[in-house]
Asker: 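Shown below is the structure under consideration.
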Amino acid sequence: MKVGFLQFYPKLFHEKRNLMRSKELLQDVDADLIVLPELATSGYIFANKKELEPYTAEARKGRIADFFRDLSASLDAGLVVGFAEKAQGIFYNSQMLVKPDGNIDLYRKTHLFFKEKFIFEPGDTGFQVFEFRGIKLGLMVCFDWIFPEACRTLALKGTQIICHSANLVLPFCQKAMITRSIENRVFTITSNRIGNEKNAGEEFGFTGMSQITDIKGNVLVSATKKEACVKVVEIEPAVAKDKNVTEFNDIFSDRKPDQYKF
Ligand code: ACM
């Protein structure tokens with residue numbers, strides 16, 4: 001399976017430009033699956049819900065779903081995209097898995113970072129596994145990384161590849177995702193954004209360095225801090241079904257949940 005990430009600079013308040021930039025960068029890419037950053041269509045720092053609202057969309061209909069359905073079909077690739085969702089008047093920091101047949105699966109960010117808490121509701125979808133081309137995919141968004149439970153839940157449910165859309169500002173995540181891969185024996189694809197953003201009295205510098213790790217924590221491909229790019233690597237997702245670290249240690253059947261109670 002050929003999997004990749006798109007790393008770019010989503011410009012705040014410029015949805016049309018962000019969609020076009022994604023399309024331009026993905027042009028002629030040969031891959032089965034590409035992960036895009038968190039809030040890739042809208043930018044990140046919004047002063048309040050009112051300011052965000054014009055950039056929100058429904059998950060399965062409307063302009064953002066339609067755009068990525070077309071792009072997914074034309075590339076013949078699954079696309080995982082972070083976007084601002086509006087559902088029954090509630091805003092979620094969401095991620096869609098868009099498939100070339102037009103089907104869309106949805107994840108809503110569970111663990112909100114910093115002032116996202118003032119704009120979005122914590123996600124209510126939980127950590128689900130979605131099937132694509134015979135492979136089990138798990139979705140998660142940015143700050144979910146700091147809760148090992150997120151990757152663990154996905155891995156225990158059979159996820160082979162964790163698709164991680166991010167707008168990272170803290171310096172630890174890329175290294176932590178190597179550990180998440182090792183401790184769960186899963187592939188991870190982190191797609192992070194680049195550039196600085198300033199609005200509403202806040203300024204963030206996003207750290208780029210998107211990466212794909214294998215089940216042993218090897219970084220198969222990575223981006224620099226500043227480049228806009230698409231990087232693709234071929235992997236064998238079946239190896240993520242093997243949870244044996246040694247001949248005598250299956251990391252899932254060796255777990256002792258009765259010892260973890262508090
Ligand atoms: C983050 O969750 N955007 C850091």
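Atoms considered below: every heavy atom in the structure, side chains included; atoms not considered: hydrogens, waters and symmetry mates. Remember, it's 1-based here, ligands and their atoms both numbered in the order they're listed.
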Asker: Using 4.0 Å as the upper bound for N to carboxylate O, is an ion pair formed by K115 and E202?
Answerer: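 Salt bridge flag = yes for K115 with E202.
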Asker: Considering only the protein, which heavy-atom contact is closest to atom 2 (O) of ligand 1, and what is its distance?
Answerer: K109 NZ, 2.7 Å
Asker: Specify side chain, backbone, both or neither for F113, according to which of its non-hydrogen atoms lie closer than 4.0 Å to ligand 1.
Answerer: side chain
Asker: Need the ligand 1 atom indices (1-based, order shown) with element for anything under 4.0 Å from a heavy-atom of E116.
Answerer: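 Going through ligand 1 atom by atom, the ones under 4.0 Å from E116 are 1 (C), 2 (O), 3 (N).
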Asker: Mark yes when over 12 heavy atoms from residues, nucleotides or ligands other than K243 sit less than 6.0 Å from its NZ; otherwise mark no.
Answerer: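 Check passes, neighbour count above 12.
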Asker: Going by the order shown, which atoms of ligand 1 are within less than 4.0 Å of some heavy atom of E38?
Answerer: 1 (C), 3 (N)
Asker: Does a side-chain N-to-carboxylate-O contact under 4.0 Å join E227 and K231?
Answerer: yes
Asker: Distance under 6.0 Å and angle within 45° of the ring axis: does R21 meet both against F8?
Answerer: no
Asker: Determine whether the aromatic ring centres of F120 and F113 lie less than 6.0 Å apart.
Answerer: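 Ring centroids of F120 and F113 are no less than 6.0 Å from each other.
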Asker: Would you say the rings of F127 and Y107 are close, in the sense that their centroids are separated by under 6.0 Å?
Answerer: yes
Asker: Tell me the contacting part of F114 for ligand 1: side chain, backbone, both, or neither, using a 4.0 Å heavy-atom threshold, strictly below.
Answerer: neither
Asker: So, does H111 sit close enough to ligand 1 that a heavy atom of it is under 4.0 Å from the ligand?
Answerer: no
Asker: Which atoms from ligand 1 have a heavy atom of Y44 less than 4.0 Å away?
Answerer: 3 (N)
Asker: Which atoms of ligand 1 have any heavy atom of F143 under 4.0 Å away?
Answerer: 2 (O)
Asker: Can the ring centroids of F143 and H111 be said to lie less than 6.0 angstrom from one another?
Answerer: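 No, ring centres 6.0 Å or more apart.
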Asker: Which atoms of ligand 1 are found less than 4.0 Å from any heavy atom of C142?
Answerer: 1 (C), 2 (O), 3 (N), 4 (C)
